[in-house]
Amino acid sequence: MTITTVASPAPRQPAALARGFLTGGVIGTSLAALVVGGIVESVPLFVAGLVLPALYGLLRFLAGAPRRAREAAVVPRTALASIEDRHVVGGETSDVPVRFGLTVSPDDAPAFRVEVTQDINVVDLPDHRPGGIVVVTYPPDRPWRVRIVKRPTPEWEDRAAGARLDPAPGPAVVREPQESGAVGFVRLFGLLLGATAVILMFRAELFDEGTAAGRAPASSKPSVSATSWTVVVSSGSGTVALGPDRSFLDEGELGRAIGSLTDGPGTREVLTVVVQERLLSVVFPPTGTRGPRFDPRSLPHERIPGLVEEATTTLGVHSPLTWELTADRRDGSLRIRVGVTGPGGTASLEADGRGTVVRRTPAR
């Protein structure tokens, strides 16, 4: 069957263009808000990127309610149709999708051809062979929405049993009208415009965040390089790296490093503190958010060397290669965990905010 498309009533072009532009604008604005909100750590902007498409979808649903009501009020037309061809397109259940090529012959209108895909029970497939006659229904204003009636009335069943249908004139197939290329263009234009608007509104914050990747912005503490350590502080995190032959287990070393990250006008609490032999990392909470944070100066600094020693010597990890201490308040109270890795496996212990061990997990 040669397939062409019968001209069908298309949606009004101005309305279609407006919907395409709004849809593209919402997509572009939402995606840009999610990305920019994550970069500049703006919770309201990030939430707006999530809420905007949901709100737009709700408005589209409400705006389309009258049209759906009008379509539902249209009485479907019943007709006979002959099966020109049939292809099972997949499925592993009792109902499989089948693509039919049908010639529909209404009683009071010219016959036409249409292609539909419908789930058919495998038991009923022998009743839907090419050349067979079936009963179908379709909305008169949308003939491409043909559906095969699985249980027709006795009257239509008798008509189908004795019917002989002539093929529809010509090779044309009725199909749902497709949107024009102009709609796709204005949708892309709206997407780019929405994304550009968000980026321009927050260009100052984005520029500041961009400078943090290569150097600390002017509002942050600058990087300091010396023979003993290197300090880097940005809006979201801070690190201190010790030089050779130094360790955060040395007396007073950890306290001084934490002070270099949190003291001064920009003093902030932190979400997490991670300590390794010569590397200290802290994570600051995003601006304007609430969460389980704590003052890293409240850590029991004097107990940390003892906790690391106990973890590396008593938990069965012989000749430990690395250790890592993590402190946070995710469970409500300050928790300190020391993990150790070595040839004997991995082990860990946990301590409370006073440095008292509350749980030991030996190497396995």
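Values in this document were obtained by computation on a predicted structure and should not be read as measured data. This chain uses plain numbering: 1 for the first residue, then up along the sequence. These values consider heavy atoms only, across backbone and side chains, with no hydrogens, waters or symmetry-generated copies.
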Distance-only criterion, 3.5 Å: show the donor-acceptor pairs between side-chain atoms of residues 351-361 and protein atoms not counting sequence neighbours.
unit_1	atom_1	unit_2	atom_2	d
D352	OD1	R354	N	3.0
D352	OD1	G355	N	3.2
D352	OD1	T356	N	2.9
R359	NH1	E350	OE1	2.7
R360	NE	E310	OE2	2.7
R360	NH2	E310	OE2	2.7

Could you check L249 against E309 for side chain to side chain contact (heavy atoms under 4.5 Å, CB included), going step by step and ending with a plain yes or no?
CA-CA 10 Å; L249 300 181; E309 182 179 2; over 6 Å; no
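- Cluster membership for I27 and L22, using ILVMFWY side-chain heavy atoms within less than 4.5 angstrom, is not shared.
- In this structure, CZ in R187 is found 10.0 Å from CZ in R19, a value given to the nearest 0.5 Å.
- The hydrophobic clustering, which links ILVMFWY residues whose side-chain heavy atoms are closer than 4.5 Å, places W144 and I83 together.
- In this structure, the side chains of E324 and T326 come closer than 4.5 Å at one or more pairs of heavy atoms.
- Here the straight-line distance linking atom CD of E251 with atom CZ of R256 works out to 8.5 Å at 0.5 Å rounding.
- Residues K150 and Q118 meet the side-chain proximity criterion, which asks for heavy atoms closer than 4.5 Å.
- Within the 4.5 Å cutoff, side-chain heavy atoms of R159 are placed close to those of D107.
- When all heavy atoms of V232 and L261 are compared, the closest pair comes out as O-CD2, 4.3 Å.
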Under 3.5 Å, which donor-acceptor pairs do the side chains of residues 125-140 form with other protein atoms, sequence neighbours left out?
unit_1	atom_1	unit_2	atom_2	d
H128	ND1	D124	O	2.8
R129	NH1	P126	O	3.0

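- No continuous path of ILVMFWY side-chain contacts below 4.5 Å connects L45 to V43, so the two sit in separate hydrophobic clusters.
- Ionic pairing of R246 and E253 is present here: one or more N-O contacts between side-chain nitrogen and carboxylate oxygen are shorter than 4.0 angstrom.
- For the residue pair L242 and S247, the shortest heavy atom distance occurs at CD1-C, 3.5 Å.
- The distance from atom NE2 of H87 to atom CZ of F100, rounded to the nearest 0.5 Å, is 10.5 Å.
- Within a 6.0 Å radius of CZ in R68, more than 12 heavy atoms belonging to other residues, nucleotides or ligands are found.
- Residues I336 and P300 form a side-chain contact, since some pair of their non-hydrogen atoms from C-beta on lies under 4.5 Å apart.
- The two residues P53 and V26 come nearest to each other via the heavy atoms CA-CG1, 3.9 Å.
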Evaluate the criterion side chain to side chain contact (heavy atoms under 4.5 Å, CB included) for residue pair W156 and V149; output intermediate values, then yes/no.
CA-CA 10 Å; W156 280 101; V149 180; over 6 Å; no
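- Hydrophobic clustering, with ILVMFWY side chains joined whenever heavy atoms are under 4.5 angstrom apart, groups V116 together with V104.
- Heavy atoms only, all atoms of each residue included: L315 and S348 are closest at CD1-O, 3.5 Å.
- For the atom pair CZ of F46 and CD1 of I39, the computed distance is 11.5 Å after rounding to the nearest 0.5 Å.
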Show the atom names and distances, to 0.1 Å, of all donor-acceptor pairs under 3.5 Å that link a side chain in residues 192-202 to residues at least two apart or in another chain.
unit_1	atom_1	unit_2	atom_2	d
T196	OG1	L192	O	2.7

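- One distance of note links CD of E302 with CG of L254; it measures 10.5 Å at 0.5 Å rounding.
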Set out, in order, the CA-CA distance, both residues' side-chain angles and the distance that settles side chain to side chain contact (heavy atoms under 4.5 Å, CB included) for L34 and L50, then state yes or no.
CA-CA 7 Å; L34 291 173; L50 297 175; 3.6 Å; yes
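- Linking ILVMFWY residues whenever their side-chain heavy atoms come closer than 4.5 Å, directly or via other members, places L334 and L349 in the same cluster.
- Just one residue in the list V338, V274, L280 forms a side chain to side chain contact (heavy atoms under 4.5 Å, CB included) with L325, and that residue is V338.
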Using the side chain to side chain contact (heavy atoms under 4.5 Å, CB included) rule, take I304 and V275 through it: C-alpha gap first, then chi angles, then the decisive distance, then the call.
CA-CA 10 Å; I304 287 178; V275 185; 5.7 Å; no
Checking D141 against R70 for the salt bridge (charged side-chain N to carboxylate O under 4.0 Å, His left out) test, could you report, in this order, the C-alpha distance in whole Å, the side-chain angles of both residues, the deciding distance, and whether it holds?
CA-CA 11 Å; D141 56 340; R70 290 193 301 270; over 6 Å; no
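- Atom CZ of F61 sits about 15.0 Å away from atom OH of Y56, to the nearest 0.5 Å.
- Across all non-hydrogen atoms, the minimal contact from A347 to A363 is CB-N, 3.5 Å.
- Seen from the ring of F294, R335 does not count as a face-on cation partner, given the 6.0 Å and 45° thresholds.
- The shortest heavy-atom contact between R99 and V89 is NH1-CG1, 3.4 Å.
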